[in-house]
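Input: a single structure, listed below in structure tokens.
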Protein chains: 2
Amino acid sequence: MTVTIYDVAREANVSMATVSRVVNGNQNVKPATRKKVLEVIERLEYRPNAVARGLASKKTTTVGVIIPDIANIIYAEAARGIEDIATMYSYNIILANSDQSEEKELSLIDTMLGKQVDGIVMISDAVTPKLVQEMEHSPVPIVLAGSVDETNKFASVNIDYFQAAYEAVQILINNGHKRIAFISGPMQFTINSKYKLEAYKKALEDANIEVDEQLIVFEDGSYDGGLESWEVFNKLENPPTAFFAGSDELAIGIIHGAQDHGRNVPNDIEVISFENSKLARMVRPRLTSVVLPLYDIGAVAMRLLTKIMNKEEIENQSVLLPHRIEYRHSVKTSIQE
Amino acid sequence: MTVTIYDVAREANVSMATVSRVVNGNQNVKPATRKKVLEVIERLEYRPNAVARGLASKKTTTVGVIIPDIANIIYAEAARGIEDIATMYSYNIILANSDQSEEKELSLIDTMLGKQVDGIVMISDAVTPKLVQEMEHSPVPIVLAGSVDETNKFASVNIDYFQAAYEAVQILINNGHKRIAFISGPMQFTINSKYKLEAYKKALEDANIEVDEQLIVFEDGSYDGGLESWEVFNKLENPPTAFFAGSDELAIGIIHGAQDHGRNVPNDIEVISFENSKLARMVRPRLTSVVLPLYDIGAVAMRLLTKIMNKEEIENQSVLLPHRIEYRHSVKTSIQE
DNA sequence: TTGAAAGCGCTAACAA
DNA sequence: TTGTTAGCGCTTTCAA
């Protein structure tokens, strides 16, 4: 019923090897033969079976992509970057959500390896020992995108989260704030959050500002989390006057929380975010934010994976992309967009 | 190097057929044998090769998902719904972006069929004749999610776009507006937009309000598109006092455009959206919006696909999900959330 | 309950 | 330049 390479060979009076050659663009085929075969392929509407091909060649031209949640704009951006580059290099992607659960991550890696992917790009906010172990066992390369692996065993693409966060907090400090809150998500054990927190504390210490644990909150990273956090902070006897938010949603939540209570941003409170998704421009005031180039991180990670799959020489397997801060209006500053 | 079913068979002193049976949960295996095989599988860390399995069984337990753009929140929501249900039924998804280009859609279908997916879920704003033809040729089922196919040849999941849009415009009319703008995206030939436009016109006509083509704009569907549209509308000698926006981003753009010029929403102008993504609550005033249940549409589409792949009896292949309007504050109304 | 063996559709030596 | 052939790792009759 379905037409196979064999049918094409018979119709074209050549061997299946020859058909295989023209399908794969092998040059060792006489032009006339190629033409004849191509005609038959067209006529019979022959479509190569990638599964059979994968079995025989041990290459599937598909890569696995494991991310926490595609419905989250930041991961969706990264996924788009990954997919664009994958397409560019003729790979397809098998996409799966881990919900940042170690158990799911483990089982997804297993499933994908079972499906014989040629490589995996993974975004994980917590590269745990178990994960590291599983990844080391992998017969195909795995690259981490926007996720730091402290063992430094795997290829990865990131920005310098600590430095970027440090600079963000500094801006608030330079504007004279002494009561600066840090709000982050999703989890207390998120690696990236950890760096942000460390940077936050270091920046305060370097400015001789005491770290007040009351001003540090770990939320679920959502808009509502921001909204609620504002309420909590506002009830403090000595509430914060500035906020360093780990994500745009959190930042917008804080801002709306404040505005809903009649506060003005940035005159009454100032807010700096860490993300700069398209949401950053969709609030008033627009968010000043550290730029987290998720699309690029995904794209570069995928590109790196193609190189590794190709056994090309890699100069540096821990890529650090440049970061910058986009100045808008949730923070008072002389530097304007 | 990699351990195969053959290695397991040898180690367990059974035939590969028996190993295959235990791996596939076939009941015709003596418990003792099963236990022995399972132990060897564990010890050897045997992982079945899904590609070989796919070739032999002609089933890959993977489905193709073709969407316009995963970085767009509405498609990302749908993708999450699709993936969740796919996972529930033990399928993996191959995800690809079409950018709503017919050419890419065609080639993606071809690629996925080549990869022997068991089915395809597709979101397309323009089910063109060529697409229909390609889809009819498909050896595996294809279901459309949030996309109407006017030929009614394929399984699909939607809401009643016309009716939903009609109700939205009616709200504006009931609030006394005579100058109601319609702004939509992404393309003039988008099917869903077509229904919205028809509903818009019909609602106005039914209310004896003349349709003014100046008040109809097709934008790229983005926030900036909304912002710019406001500028355009505002320059009219007789500008609109109410807006029916085809998406949340558009609606927020309109609102910010108005607010940036000192207008108050909903007192000066009223805006109703058609989407209700999480953005709807992340503006002030929060958006009143027709609820487009993208996650559900994706989930139901995938569920429908599993049934068709399973050759189950389908009562109705054109599923119409219920719709409703979420009342918030971008429209003046006595009905509150 | 188990095993033998014939494919599934293709790639990749190896020969010619 | 082309063909022959042996797998790739598994499922699935068919027999036993």
Side-chain angles (χ1 to χ4, degrees), chain A residues 1-38 40-41 44-62 90 110-118 139-140, chain B residues 1-38 40-41 44-62 90 111 113-118 139-140:
Chain A
M1 212 210 69
T2 59
V3 9
T4 72
I5 199 172
Y6 212 81
D7 301 316
V8 176
R10 183 170 14 79
E11 285 289 309
N13 288 312
V14 296
S15 71
M16 51 187 295
T18 298
V19 177
S20 176
R21 288 192 188 97
V22 346
V23 167
N24 291 293
N26 186 313
Q27 285 310 302
N28 291 2
V29 179
K30 202 164 54 175
T33 312
R34 175 187 311 283
K35 184 157 176 291
K36 187 173 57 177
V37 171
L38 251 15
V40 175
I41 285 179
L44 300 189
E45 298 188 325
Y46 168 66
R47 173 189 294 136
N49 180 324
V51 171
R53 218 202 288 236
L55 183 58
S57 70
K58 299 183 164 304
K59 283 192 174 35
T60 54
T61 64
T62 109
S90 300
D110 195 59
T111 302
M112 290 183 173
L113 293 179
K115 296 227 166 170
Q116 312 302 117
V117 294
D118 296 336
V140 298
Chain B
M1 212 208 71
T2 60
V3 9
T4 72
I5 199 172
Y6 211 82
D7 301 316
V8 176
R10 183 169 15 78
E11 286 289 309
N13 289 311
V14 296
S15 71
M16 50 187 295
T18 298
V19 178
S20 176
R21 287 190 188 98
V22 346
V23 167
N24 292 293
N26 186 312
Q27 286 310 300
N28 289 4
V29 180
K30 200 162 58 174
T33 311
R34 174 186 313 280
K35 183 158 176 293
K36 186 174 56 177
V37 171
L38 251 14
V40 175
I41 286 178
L44 266 37
E45 297 188 327
Y46 168 65
R47 174 190 292 137
N49 181 324
V51 171
R53 219 202 290 234
L55 183 58
S57 69
K58 297 182 164 307
K59 284 194 173 35
T60 55
T61 63
T62 110
S90 300
T111 301
L113 293 179
K115 295 225 167 174
Q116 312 301 117
V117 295
D118 296 336
V140 299

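Lettering follows sequence order; numbering is per chain, from 1.
Rounded to whole angstrom, the span from the OH atom of B/Y6 across to the P atom of D/dT11 amounts to 15 Å. Atom-to-atom, CZ of A/R10 to P of C/dG9 comes out at 13 Å; the value is rounded to the nearest Å. Straight-line distance from the NZ atom of A/K36 to the P atom of D/dT1: 14 Å, rounded to whole Å. When rounded to the nearest whole Å, the span between CD1 of A/I5 and P of D/dG3 equals 12 Å. The distance from atom CG of B/L113 to atom C1' of C/dG9 is 16 Å, rounded to the nearest whole Å. Remark: P of D/dC10 and NZ of A/K115 are 15 Å apart, rounded to the nearest angstrom. Taking atom CE of B/M16 as the reference point, atom C1' of C/dA5 lies 10 Å away to the nearest angstrom.
In this structure, CG on A/N24 lies 5.0 Å from CZ on A/R53, to the nearest 0.5 angstrom. The structure places CZ of B/R10 at 12.5 Å from CD1 of B/I5, a figure rounded to the nearest 0.5 Å. If you take OG1 on B/T2 and CD on B/E45, they are separated by 12.5 Å, rounding to the nearest 0.5 Å.
Phosphate contact (OP1/OP2 of D/dC10, side-chain N/O of B/Y46, threshold under 4.0 Å): present. Side-chain N/O atoms of B/T4 include none lying less than 4.0 angstrom from OP1 or OP2 on D/dC8.
Relative to the axis of its first five pairs, the axis of the last five pairs of the helix from C/dT1-D/dA16 to C/dA16-D/dT1 sits at 30°, rounded to 10 degrees.
Within residues 18-31 of chain B, the residues approached by DNA chain D to less than 4.0 Å at the level of any non-hydrogen atom are B/S20, B/N24, in residue-number order. The stretch residues 47-59 of chain B touches DNA chain D through B/P48, B/N49, B/A52, B/R53, B/A56, B/S57, each having a heavy atom under 4.0 angstrom from the strand.
Inter-residue side-chain proximity for B/T62 and B/K115 is flagged as unmet; no heavy-atom pair is nearer than 4.5 Å. Within the 4.5 Å cutoff, no side-chain heavy atoms of B/V3 are placed close to those of B/E11. Residues B/V8 and B/V40 form a side-chain contact, since some pair of their non-hydrogen atoms from C-beta on lies under 4.5 Å apart. Side-chain contact between A/N49 and B/Q116 is present, with at least one heavy-atom pair separated by less than 4.5 Å. When side chains are defined from C-beta on, A/I41 counts as touching A/V22, because their heavy atoms get closer than 4.5 Å. Between B/V51 and A/L55 the shortest side-chain heavy-atom distance falls below 4.5 Å. Residues B/V14 and B/V37 have side chains in contact (heavy-atom distance under 4.5 Å, counting atoms from C-beta outward).
Residue B/A17 has its side chain nearest to D/dT12 when only C/dC10, D/dT2, D/dT12 are considered.
Under a 3.5 Å cut-off, the side chain of A/N26 and the backbone N or O of A/N28 do form a donor-acceptor pair.
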